[in-house]
S.K.: 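Below is the structure I would like to discuss, written out as structure tokens.
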2 protein chains.
Amino acid sequence: MADVTERDWRPRYVQLAEELRDRIVNGELPAGSPLPSEPELAARTGMSRTSVRNALRELREWGLVRAEQGRGTFVRAPKVRVTRRNIERYQWEKDRVHQPEEMRRQKGGTEYDTGLEVHQLQFHAEYSTVDASEEIAATFKVQAGTKLLRRMYWTSAKTEDAPLSMSVSYLIYDAVAKNPALLDDKNEPWPGGTHHQLSTIGVEVDHVSDHVIARPPTPSEVEILRTEPGDWILSIRKISTGVDGKVVEVADAVYPADRTELVYGIKLHPWEKK
Amino acid sequence: MADVTERDWRPRYVQLAEELRDRIVNGELPAGSPLPSEPELAARTGMSRTSVRNALRELREWGLVRAEQGRGTFVRAPKVRVTRRNIERYQWEKDRVHQPEEMRRQKGGTEYDTGLEVHQLQFHAEYSTVDASEEIAATFKVQAGTKLLRRMYWTSAKTEDAPLSMSVSYLIYDAVAKNPALLDDKNEPWPGGTHHQLSTIGVEVDHVSDHVIARPPTPSEVEILRTEPGDWILSIRKISTGVDGKVVEVADAVYPADRTELVYGIKLHPWEKK
DNA sequence: GAGTGGTCTAGACCACTGT
DNA sequence: CAGTGGTCTAGACCACTCC
């Protein structure tokens, strides 16, 4: 219904975008259904195709629709967020080290997150050595240029095209080299994960800190995570410190921001009795 | 230098955007400096103004520039992220309850975050009552429609135009009503904060959980936080549980994603001696 | 008033998808 | 092949800022 009593001062393309948004959230245009084509919207509204495209761009930035070249523009399914409880997860990873190897083989970190079984997952690991950048060196409290083992991981479900996670881990090369098996990515996935790997060189992790930021994806992240234009990613830098107080691992993990929820549960100390 | 050996298949507007991006990250166009105007870029590159605008839109989505109506397009300053350490912060807030009132007055949560003094901050609080939605009721484990006290807060620095935070807190109305002073927003800012308010009705918070997601801002958040188009926000839902196991507060806080870093420090249990 | 970015038109050709 | 979205042009008028 047009409102005659008061002028609508907003640009026409914004008005069209909001009209379409309302039809989507009302369920008139359900997830997966195509929007009217651009020429059709232009004809129906009397606007130029350029203005119609401006409206559709708004809807894309709001994450409501996805345009597919040659096919049409479709309503996106509301994303189901994967919940990551890192506090419990890190403790589980640490405790796993003293399980028998049989059990360590059966379940890794990604299986823990997704509930999927080992055989449903595609696991990739790639090791290389790099010289520490200023920033990473400062985190490790070592000299810039120190030799690091750089380990890249990504995991995807075999049935899905969208990868689930992607992470990079850095270790001090000279420390890890005490156990040469740790230098070869052919030994991945290592039963028991990083905590077990570190235990073979006498390291026990004492505490971990997660540094969470959100930012636009880099071009390579766009490629790997298949994010839509305008989507952001959550990036978590995990810094692990050993019982001797030295930083033993720095790892960066990225997740699609619209499909991820992080939960941190915090126990507070009781009040002193007065 | 043009590369003649291999064709550049990418759209021209993307090429222009990347050329300008390189000049920004190289420091040739420092923060705050204006880009060439749209007509000038069009003339210089031989492209239409529409294509030039497409390139500038890319740069805006990457968070590199900000367009100002009637003035020009400017390189954005790299955002300094405010670090929020919620674990330490929540403990500090709880411990503060037993400080003398004198000290409680001097420093509130925002001062804790920013290091600014009370007199440099503009504080707003607005209370209302609402009926619990399905979702919030489920979190409180009460019936949908239960009467809640809804408290909105926002804080800004007096010298800055950009607000620092915005949050909404829900409490069970009937529980809070035991102390009528808690129902009046004129008593804000309350010395000692929410933990002290809850202590007046006999509630001690036992644990808290943070649920972190990133998403595009709602229109009202755009208005209040003055985010740029394409920016996202971090939204934290904090659920506080009392020592009796009941959920006592549900609060949502939103922060500009490009100016915020969250840090969670996690102590792991030591390995059992074998 | 001159210059800026914001909106808008009426076309055009292209790459890609389906039949 | 027809239909879709992606790129692109060459204009126009507007609201806004600064001098």
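Chain letters run A, B, ... following the sequence lines, proteins first, then strands; residues in each count from 1.
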S.K.: Using whole Å, report how far CD of A:Glu40 lies from P of D:dA2.
M.R.: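 Distance, rounded to whole Å: 19 Å.
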S.K.: Determine the sole option in A:Lys186, A:Glu188, A:Arg150 for which the side chain to side chain donor-acceptor pair (under 3.5 Å) test with A:Tyr127 is passed.
M.R.: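 Testing each of A:Lys186, A:Glu188, A:Arg150 against A:Tyr127, the sole residue satisfying side chain to side chain donor-acceptor pair (under 3.5 Å) is A:Glu188.
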S.K.: Check every atom of D:dG5, D:dC8, C:dC8 against the side chain of B:Arg12 and return the nucleotide holding the closest atom.
M.R.: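 That would be D:dC8.
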S.K.: Rounded to whole angstroms, how far apart are CD on A:Glu68 and P on D:dG3?
M.R.: 20 Å
S.K.: For B:Met47 and D:dC8, give me the distance from atom CE to atom P, rounded to whole Å.
M.R.: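 Going from B:Met47 (CE) to D:dC8 (P), I get 6 Å.
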S.K.: Quick one: label A:Thr50 by what it contacts on the DNA or RNA (base, sugar-phosphate, nothing), any heavy atom closer than 4.0 Å.
M.R.: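 Base, at least one base atom sits under 4.0 Å.
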S.K.: Does a side-chain N or O from B:Tyr13 land closer than 4.0 Å to OP1 or OP2 of D:dC8, or not?
M.R.: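 B:Tyr13 to D:dC8 OP1/OP2: no side-chain N or O under 4.0 Å.
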S.K.: Whole angstroms only, please: what is the CD-C1' distance between A:Gln69 and D:dG5?
M.R.: 5 Å
S.K.: Contact class for A:Arg53 (heavy atom, under 4.0 Å): base, sugar-phosphate, or nothing?
M.R.: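 The residue A:Arg53 makes base contact.
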S.K.: At 4.0 Å (heavy atoms only), tell me whether A:Arg49 reaches a base, stays on the sugar-phosphate, or touches nothing.
M.R.: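 Base: the residue A:Arg49, judged by heavy atoms under 4.0 Å, touches a nucleobase.
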S.K.: More 5' along DNA chain D: B:Gly70 or B:Val14, using each one's nearest nucleotide?
M.R.: B:Val14
S.K.: Under a 4.0 Å N-O cut-off, is there an ion pair linking B:Arg76 with B:Asp231?
M.R.: yes
S.K.: B:Ala67 has a side chain; which of C:dG6, D:dG5, D:dC8 sits nearest to it?
M.R.: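 Taking heavy atoms from C-beta onward, the closest nucleotide is C:dG6.
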S.K.: How many Å lie between CZ on B:Arg71 and C1' on C:dT4, as a whole number?
M.R.: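 Whole-Å distance recorded here is 10 Å.
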S.K.: For the pair made of CZ in A:Arg57 and P in C:dG6, what is the distance, rounded to whole Å?
M.R.: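 To the nearest whole Å, that distance equals 11 Å.
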S.K.: Would you kindly give the CZ-to-P distance between A:Arg66 and D:dG6, to the nearest whole Å?
M.R.: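 Result: 12 Å.
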S.K.: Let me confirm one number: the CG-CG distance from A:Leu59 to A:Asn54, rounded to the nearest 0.5 Å.
M.R.: 11.5 Å
S.K.: Should B:Glu249 and B:Arg151 count as an ion pair when the cut-off is N to O under 4.0 Å?
M.R.: yes
S.K.: Would you call B:Glu61-A:Arg57 a salt bridge at under 4.0 Å N-O?
M.R.: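 A:Arg57 and B:Glu61: not salt-bridged.
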S.K.: OP1 or OP2 of C:dT4 versus the side-chain N and O atoms of B:Thr73: is any pair under 4.0 Å?
M.R.: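 No, outside the criterion.
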S.K.: Would one find a side-chain N or O of A:Ser37 under 4.0 angstrom from OP1 or OP2 of D:dT4?
M.R.: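 For D:dT4, OP1 or OP2 has a side-chain N or O of A:Ser37 closer than 4.0 Å.
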S.K.: Grab the CG-P distance between A:Leu56 and C:dC8 for me, whole Å please.
M.R.: 14 Å
